[in-house]
Undergrad: 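My structure is below; once you've seen it, I'll send some questions.
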Amino acid sequence: MAGPYDYLSRENRDIPLGSFVYVPLGAQTIIGVVWGESSKNFLDEKRLKCIESILDTPPLPESVRTFVDWVAEYNLCPPGSVLRMTMSAPKALQPPKPRIALIMNQDAPEIRMTPARQRVLSLLADGPPRTASDLANEAGVGSGVVRGLAEAKVLKRIQIPTSGLFPLPDPQIPGADLSPAQKAAANAIIEKVRKQSFEVFLLDGVTGSGKTEVYFEAIAETLRQGMQALVLLPEIALSTQWLNRFEERFGVLPAQWHSELSQANRKRIWRGIIDSKVNVVVGARSALFLPFDRIGLIVVDEEHEGSFKQTDGVAYNARDMAVVRARLEKCPAILATATPSLETFVNVGRSRYERLHLPERHRGAALPEVEVVDLRRDRPERQSWISPPLKLGLAANLAAEEQSLLFLNRRGYAPLTLCRSCGHRLQCPNCSAWLVEHRFASRLDCHHCGFTMRYPETCPECEAQGTMAACGPGVERLVEEVSVFLPEARIGLMTSDTIRGPGSAADLVSRVQNHEIDVLVGTQLVAKGHHFPLLTLVGIVDADLGLNGGDLRAAERTYQILHQVSGRAGRAERPGRVLLQTYQPEHPVMRALAEGDRDNFLSEEARLREAGVWPPFGRLAALILSGRAAEKVEATARSLARVAPNNPAIRVLGPAPAPLSIMRGRHRWRLLVKTTRSVNIQNILREWLAQVKIPSSVRLKVDIDPYSFL
Ligand code: ADP
Ligand code: ZN
């Protein structure tokens, strides 16, 4: 694992640890961070290169550096690639460009006055200096007017401080009147915020129970203490409603951090954080690596969400690393959810985390009634997926002018397309996966590599005309089905193909809120915290979908997502109803949903995992080998397996071709390492992997605590 490089400091100057510095590397000059004093003994210091200069950015705080080392060590990746995640706004490190503002010139010459010029001057008469463009905007005049005044020497140019100003959230704006349970929860967290001591809280309450209100109180206290707060949300692009509520509560929007941010904003916010001028950040998992200096609270909302696990690049779980960061920073962490992950549930059982329970919905809104539809009895018609009882429910809801939601976690029109004449199936040329038809765009896509092609008119194999047929449903096909049996219904579609950013998400959400949509069809995107008062029926089209495939977390995840989707029904005065279509009504997931018995389900899951020594009762790591040449990948996988550790506390499963055996043209093999909890799996892996030379044409990826087994 590549560690830090050694450099000399000129004239033996003491450079503070964490300083950002320019250093030579090969033929280039790059930015690095001073990580520590070298422990090596250099016989010939002359061969070391010198640090060229120090940037004026404040040093990376010690707690951040410790965190970087910790994450690298735990996830078995080079510290440099973790550090790069903390330096995710390279422009913010460059010296800022001077900013020029305009003020009134004391001895201004006489000029001809116009109303536009007058507006500019009166604006400046009782206000701070402003840049030319701000001045023109605020005065409502063209930029030529401002330029003219400057050229006529009525205004003069001065230099002003560069970093953006951040309006500060105001913790004194009163929040909601909390219920006794909400208040108790808020107080427990606030106490730890005041003491600045580490504690992990599971904020456990059904959707609508006021978890957000409770952690807003904790954020308010953090601000009163002069500390910074970080909130991680799984889908930051879809959180318009969350942002609106934050603004209502605190007067201004928080800083937002996600992949769609412009370079300019990225730079402004990063700099604002390290300069301690930003005090609340809401972001995607990458926000965890921002250079906070005085972090006083970390919130992970919807902690059970699988999207907190990153698999590209550095593989890490942001939920777990958030807890680590809170521990290093000595501050409380809040994990909020209605459906705790098994890891968190077990940590509460072990008294490592403290559970704060919000037992009911605000104003006692009832939880929806969940009815199981047994598809073996209530069969949908041929080539359709909505059973008679669900059709009746949808029709009745439309007649009552209430809204319905149909949930199917499958994008596109159909997951498989085949030729009725020769049986040929349309497969991705780069992946071992079927192509998914997107009929609204008349194309077929691979959801793994992005390959796309137009819908073929003839079978690519036997060249028969018009024989290609769709197999199985995706959300687009449901839209079609609903529009046939409820022709007057206004239908909305919510999937990542139709929702491309915060703008279009907000637009669809407001159309649902304004009752411009009767039936909303969607993938997991609809499960996310929206609040639609008129939505009273949720139809789960294929409750069994996530249970196939033998994934360790299949049952847990299916329960979570179906529970979340169900929670969209009946959030206000009107009671909600959920119809859950399944071929396995006796499955523990369906029973738990129908009976509303989450904890029993989790306890049973925990028992099964414990019996099999699966996480969180054992440790797991995946080794994924990939490369263009199938034989090389296989041979490397086998040579790794040959020197696998021989120890009763360690089991190595595989090597075997991955279920997704070819992706983006690369052949993939997997090994799974399973140990008891007492074993340090990182050390085992380090020793083991050091024994095998991986050929340069084969890539080895280590995934600690894997979530995907594909
Ligand atoms: P959760 O985060 O658990 O889903 P929210 O905090 O979003 O719950 O609360 C659901 C709804 O109830 C929101 O509209 C919220 O403003 C409202 N609410 C919750 N608690 C209170 C309270 N104590 N007083 C007023 N409104 C509340
Ligand atoms: Zn593909």
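Atoms within each ligand, like the ligands themselves, are counted from 1 in listed order. Sequential numbering from 1 along the given sequence is applied to the chain's residues. Note that the coordinates shown come from a computational prediction; the quantities given were computed from them, not determined experimentally.
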Undergrad: Under 4.0 Å from a heavy atom of D177: give me the atoms of ligand 1 that qualify, with their elements.
TA: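 Those of ligand 1 that fall under 4.0 Å from D177 are 22 (C), 23 (N), 24 (N).
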
Undergrad: As an exercise, identify every atom of ligand 1 less than 4.0 angstrom from a heavy atom of T207.
TA: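 Result: 4 (O).
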
Undergrad: Is any side-chain heavy atom of V282 closer than 4.5 Å to one of S239?
TA: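 Not in contact.
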
Undergrad: Check whether any side-chain heavy atom of F292 sits under 4.5 Å from a side-chain heavy atom of V278, and report yes or no.
TA: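 In short, these two side chains do not touch, never coming nearer than 4.5 Å.
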
Undergrad: Looking at K701 and T311, would you say the former's side chain and the latter's main chain have a donor-acceptor pair under 3.5 Å?
TA: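 Indeed, once roles are kept as given, a pair shorter than 3.5 Å links the two residues.
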
Undergrad: If you measure from each non-hydrogen atom of V214 to ligand 1, which part falls under 4.0 Å: side chain, backbone, both or neither?
TA: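 For V214, there is no contact with ligand 1 at all, from either part.
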
Undergrad: To the nearest 10 degrees, calculate the angle at the Zn ion (ligand 2) involving SG of C428 and SG of C431.
TA: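 Result: 110°, to 10°.
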
Undergrad: Determine whether the side chain, the backbone, both or neither of L358 has a heavy atom under 4.0 Å from any heavy atom of ligand 1.
TA: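 L358 to ligand 1: no contact under 4.0 Å from either part.
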
Undergrad: Check R557, E305, R319, H304 against S341 for a side-chain hydrogen bond (donor to acceptor under 3.5 Å, both in side chains) and give me the one that passes.
TA: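 Among R557, E305, R319, H304, the one that satisfies the side-chain hydrogen bond (donor to acceptor under 3.5 Å, both in side chains) with S341 is R319.
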
Undergrad: Are the side chain of R668 and the backbone N or O of I624 linked by a donor-acceptor pair below 3.5 Å?
TA: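 Pair absent, no side-chain N/O of R668 close to backbone of I624.
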
Undergrad: With side chains defined as the heavy atoms from C-beta onward, is the minimum distance between F198 and V323 less than 4.5 Å?
TA: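 In short, these two side chains touch, coming nearer than 4.5 Å.
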
Undergrad: Looking only at distances, can you tell me whether any N or O atom of G210, backbone or side chain, sits closer than 3.5 Å to an N or O atom of ligand 1?
TA: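 It does: an N or O of G210 is found under 3.5 Å from an N or O of ligand 1.
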
Undergrad: With respect to R245, determine whether any N or O atom, backbone or side chain, lies less than 3.5 Å from an N or O atom of ligand 1.
TA: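 Yes.
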
Undergrad: Taking only heavy atoms of L178, which atoms of ligand 1 are found under 4.0 Å from at least one of them?
TA: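 So the atoms of ligand 1 that pass are 23 (N).
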
Undergrad: Please tell me if the side chains of R411 and H447 come closer than 4.5 Å, counting only heavy atoms from C-beta onward.
TA: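 A side-chain contact under 4.5 Å exists here.
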
Undergrad: For ligand 1, is there an atom lying under 4.0 Å from some heavy atom of V206?
TA: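 A heavy atom of V206 does come that close to ligand 1.
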
Undergrad: Suppose we only count N/O/S atoms under 2.8 Å; would H447 qualify as near the Zn ion (ligand 2)?
TA: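 No - counting backbone and side chain alike, H447 has no N, O or S atom under 2.8 Å.
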
Undergrad: If we only consider heavy atoms of G205, is any one of them less than 4.0 Å away from an atom in ligand 1?
TA: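 So G205 does not count as touching ligand 1.
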
Undergrad: Are a donor atom and an acceptor atom from the side chains of E556 and Q560 found within less than 3.5 Å of each other?
TA: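 Side chains of E556 and Q560: pair found under 3.5 Å.
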
